[in-house]
Amino acid sequence: MWVIVLFDLPTETHEDRKRYTDFRGFLLDDGYTMMQYSVYMRHCASDENAEVHVKRVKAKLPADGEVRIVKITDKQFGKIEVFYGPKPQPIERTPEQLALF
């Protein structure tokens, strides 16, 4: 399961930029990686785990701007097509599960 957070936050004033930076820092601290500007993604082991991270994002929503949260399965994530110009590029791989014996 993948959680993708897309956001468009105002950056006109110093306070706006601080809220943008704080929100971005929160996402990075919570294990998200930048997919592209203002789009961050995080892999979760289960839907229940994804809900925990969605709730964390909702608790940190900035006062202004727009934030969208999308949950997709590993299979759906694997079907994303990525292009840098006309050349297709490989998509990020699903993290390996840690096996303990």
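Worth saying up front: this structure is predicted, and the values here are computed from it rather than measured.
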Measure the shortest side-chain to side-chain distance between [X] and [Y] over non-hydrogen atoms and say whether it is less than 4.5 angstrom.
| X | Y | result |
| --- | --- | --- |
| Tyr20 | Ser38 | yes |
| Leu6 | Val70 | yes |
| Leu27 | Lys60 | no |
| Val5 | Val54 | no |
| Val39 | Met34 | no |
| Trp2 | Gln76 | no |

Query - Worked verdict on Met41 versus Phe77 for side-chain contact (heavy atoms from CB on, under 4.5 Å) - result: CA-CA 10 Å; Met41 64 183 182; Phe77 188 84; 3.7 Å; yes
Where do [X] and [Y] come nearest, in terms of heavy atoms and distance?
| X | Y | value |
| --- | --- | --- |
| Gly65 | Pro10 | CA-CD, 3.8 Å |
| Phe26 | Arg56 | CZ-O, 3.5 Å |
| Lys71 | Glu51 | NZ-OE2, 2.6 Å |
| Glu12 | Arg17 | O-NH1, 3.2 Å |
| Leu9 | Asp64 | CD2-O, 3.4 Å |
| Arg42 | Asp30 | NE-O, 2.7 Å |

Query - Between Ser46 and Asn49: side-chain donor-acceptor atoms closer than 3.5 Å - result: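 On atom types as modelled, these side chains do not qualify, holding no pair under 3.5 Å.
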Requested in this report: Kindly write out the residues that satisfy ring pair (Phe, Tyr, Trp, His ring centres under 6.0 Å) with Tyr32, not counting sequence neighbours, or none if the list is empty.
Outcome: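 None.
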Query - Verify same cluster id: Leu61, Leu28 (apolar side-chain graph, 4.5 Å) - result: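 Yes, one cluster joins them.
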Query raised in the report: Do the side chains of Val57 and Tyr37 join up, straight or via other hydrophobic residues, at under 4.5 Å, putting them in one cluster?
Result: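 Both belong to a single hydrophobic cluster.
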Requested in this report: Please name the residue in the list Asp16, Asp22, Thr21 that meets the side chain to side chain donor-acceptor pair (under 3.5 Å) test with Lys18.
Outcome: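 That would be Asp22.
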Query raised in the report: Going through the checks in order, is the side-chain contact (heavy atoms from CB on, under 4.5 Å) test met by Ile80 and Met35?
Result: CA-CA 12 Å; Ile80 294 175; Met35 194 172 191; 4.0 Å; yes
Report task. Determine which pairs satisfy side chain to side chain donor-acceptor pair (under 3.5 Å) with at least one residue from residues 77-87, sequence neighbours left out, and list them in order. Result ->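 Passing the test, one end in residues 77-87: no pairs.
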Query raised in the report: Do other residues, nucleotides or ligands put more than 12 heavy atoms under 6.0 Å from the CZ atom of Arg19?
Result: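 Count over threshold, so yes.
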Query raised in the report: What distance do Arg68 atom CZ and Ile4 atom CD1 have between them, rounded to the nearest 0.5 Å?
Result: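 Spacing of CZ (Arg68) from CD1 (Ile4) equals 13.5 Å.
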**Report entry** Separation between CD of Glu66 and CZ of Phe7, rounded to the nearest 0.5 Å
**Finding:**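 Atom-to-atom, Glu66:CD and Phe7:CZ are 12.0 Å apart.
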Requested in this report: Go through the steps for Ile72 and Val3 under the test side-chain contact (heavy atoms from CB on, under 4.5 Å), then give the verdict.
Outcome: CA-CA 7 Å; Ile72 61 173; Val3 177; over 6 Å; no
**Report entry** Steps toward side-chain contact (heavy atoms from CB on, under 4.5 Å) verdict (Phe23, Val67)
**Finding:** CA-CA 10 Å; Phe23 186 68; Val67 177; 4.1 Å; yes
